[in-house]
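Here's the structure, in structure tokens; my notes come after.
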Amino acid sequence: MRRACFVFLFLLVSAPLVAQPRQAAVAMPDAFSAEVAAQVLQRGGNAVDAAVAAQFVLAVTLPEAGNIGGGGFMLVHKDGEQEFLDYREVAPAAAHRDMYLDEDGEVVPDLSVIGTLASGVPGTVQGMWQVHRRHGSMPWAALVQPAVTLAEEGFVVPEPLAREAREFADYVKVHHPAVNFADYFGGLAAGKLFRQPELAATLARIRDRGADGFYRGETARLIADFMRDNGGLITEQDLDAYRAKWRRPVSADWRGYRIVSAAPPSSGGIAIIQWLKMYDRVRNGVLEGRAPAHNSAEYVHLLAEVGKRVFADRAEYLGDPDFHPVPVARLLDGEYLARRSRELNLAAISPTPAVVPGLPESEETTHFSIVDRWGNAVSNTTTINLSFGSGVVVEGAGFLLNDEMDDFSAKPGVPNAFGALGGEANEVQPGKRMLSSMSPTILLDNGAVKMVTGSPGGTTIITSVYQSILNVVEFDMDAQRSVDTPRFHHQLWPKDQIRHQPGFDAGVRKELRAMGYQLEQDGFGDLQVIVDRDGELEAASQSSGRGVSRVLSLPEPVRAAL
Ligand code: GLY
């Protein structure tokens with residue numbers, strides 16, 4: 001019955017309203033979300049409709065990161081305006097600054113990473129509800145239904161998911177036997193159908209009651225009871241109080257483009273703009289307009305020197321702006337960035353402890369990019385933090401909870417799972433959002449979409465995103481090359497460490513070692529980008545992942561969808 005209704009609604013909105021063919025594109029982290037997002041666009045939905053449908057599908061088919069038990073950030077470019085939706089998790093009301101410390105004041109290993117205490121109050125369902133109310137054009141129920149169907153009828157498990165789930169199940173069985181991950185995901189087998197009846201029932205409540213299907217009633221009661229019985233903190237009051245927030249995105253002009261990106265509580269937008277602008281200061285100053293060769297030792301070192309300053313600022317100044325003022329304008333001020341770029345040492349590595357915050361006086365996540373036939377765009381990054389989050393499934397509700405509390409600073413000077421440091425600005429407080437690196441970003445060229453980009457990867461998200469932008473703008477790469485060409489990451493600490501993807505030139509690695517860098521190979525990120533090259537859309541998913549991207553040629557409807 002539900003499916004019949006869904007098909008009917010789609011037929012209704014796909015009435016033949018033919019004019020000029022127009023391009024649309026999706027770059028998605030898996031084949032199921034790509035198929036559903038493309039169908040929504042083909043049937044007359046806009047980019048936000050496609051994003052909402054995809055987000056719920058990913059909660060079924062990408063359990064390591066897709067979610068309804070986590071949060072994220074969505075950047076929307078619609079009808080010429082840009083808006084940033086913050087649906088980040090918040091600390092429960094009973095959380096407190098020292099909740100991850102033992103009686104000696106030391107951080108208890110894994111407490112913020114695995115188990116019920118690791119979870120913040122989820123924001124995803126509120127986020128999707130808010131963005132749909134503001135910008136959706138198709139009925140909510142029709143957009144949630146594909147996820148309900150996939151959970152109810154099952155999907156064929158891809159091999160990488162089966163392998164990752166098995167490895168994680170083996171890990172928790174040995175190290176955290178109280179965690180119930182394996183009861184739900186231990187039996188995943190490659191090529192076999194996987195059904196999730198509890199999750200299907202939860203998604204059906206969301207389909208029928210909107211956000212109230214999650215934050216109130218049966219689902220809220222299941223979460224709160226499970227938390228109470230298993231030492232967690234999230235209550236029905238926490239769920240009822242949760243609100244996604246619309247914020248002004250951070251933006252700046254760069255090379256004739258308008259960069260629009262994630263605002264605090266993400267560190268990503270500020271970091272990307274700082275990185276690109278300091279790079280340009282050096283390129284146009286000391287280097288007299290010469291671009292260093294792509295991925296040469298000179299290029300890697302220059303960007304690592306910039307990264308040291310970016311991450312020193314991140315650790316000191318960034319946190320939830322509702323709790324701690326974040327000096328956004330000062331961190332992006334031209335004079336400030338000019339002064340910071342003069343500190344860079346182009347000949348040798350700046351001593352790490354000497355790089356301090358510059359103003360006077362927190363791996364697994366997923367991203368998708370969508371452009372619709374009207375030129376609207378969604379850049380959406382969503383997460384339950386590490387792969388499979390806290391490893392805890394809400395019994396009776398069938399979904400994994402996040403371990404986002406680890407993105408807070410458990411104690412000044414003690415790195416989180418991503419090696420990120422933080423202080424007072426990012427300490428745990430009830431109702432506060434934990435600092436993020438998620439960086440959904442859009443580049444505009446005279447108001448039209450030039451590029452939509454984003455990636456998972458904890459602190460390496462920032463790197464993946466700013467390097468994808470440089471790959472396209474500075475090095476004129478096509479979309480596929482821009483996501484597949486090897487990237488490198490430096491974040492001040494660990495001292496002088498450069499993480500690089502496989503395929504990094506052996507001669508360059510030798511040069512960097514000779515300069516004193518410690519090199520570590522790491523396949524971080526899963527970029528999903530859409531690029532407009534000379535009026536033609538290109539879409540690309542990083543080849544190392546299981547993403548699927550498509551460019552669609554669609555008729556331009558005479559009127560917007562329902
Ligand atoms: N959980 C990763 C991030 O938000 O940066």
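Whatever order the structure lists ligands and atoms in, that order sets their numbers, starting from 1. On a predicted model such as this, the values are computed, not experimentally measured, just so you know.
Looking only at atom types and distance, the side chain of S468 has no donor-acceptor partner in the side chain of N471 under 3.5 Å away. In this structure, a donor-acceptor pair under 3.5 Å is present between the side chains of N380 and Y87.
Taking a 4.0 Å cut-off on heavy atoms, M434 fails to register as neighbouring ligand 1.
Each of the atoms 4 (O) of ligand 1 lies under 4.0 Å from some heavy atom of R88. Residue M438 has at least one heavy-atom neighbour below 4.0 Å for each of these atoms of ligand 1: 4 (O), 5 (O).
Polar contact check, T365 against ligand 1: no nitrogen or oxygen pair lies under 3.5 Å apart.
Two residues are said to be in side-chain contact when any heavy atoms from C-beta on lie closer than 4.5 Å; M434 and D320 fail this criterion.
F488 and Y299 have perpendicular rings, their planes meeting at more than 60° on a 0 to 90° scale where under 30° would count as parallel.
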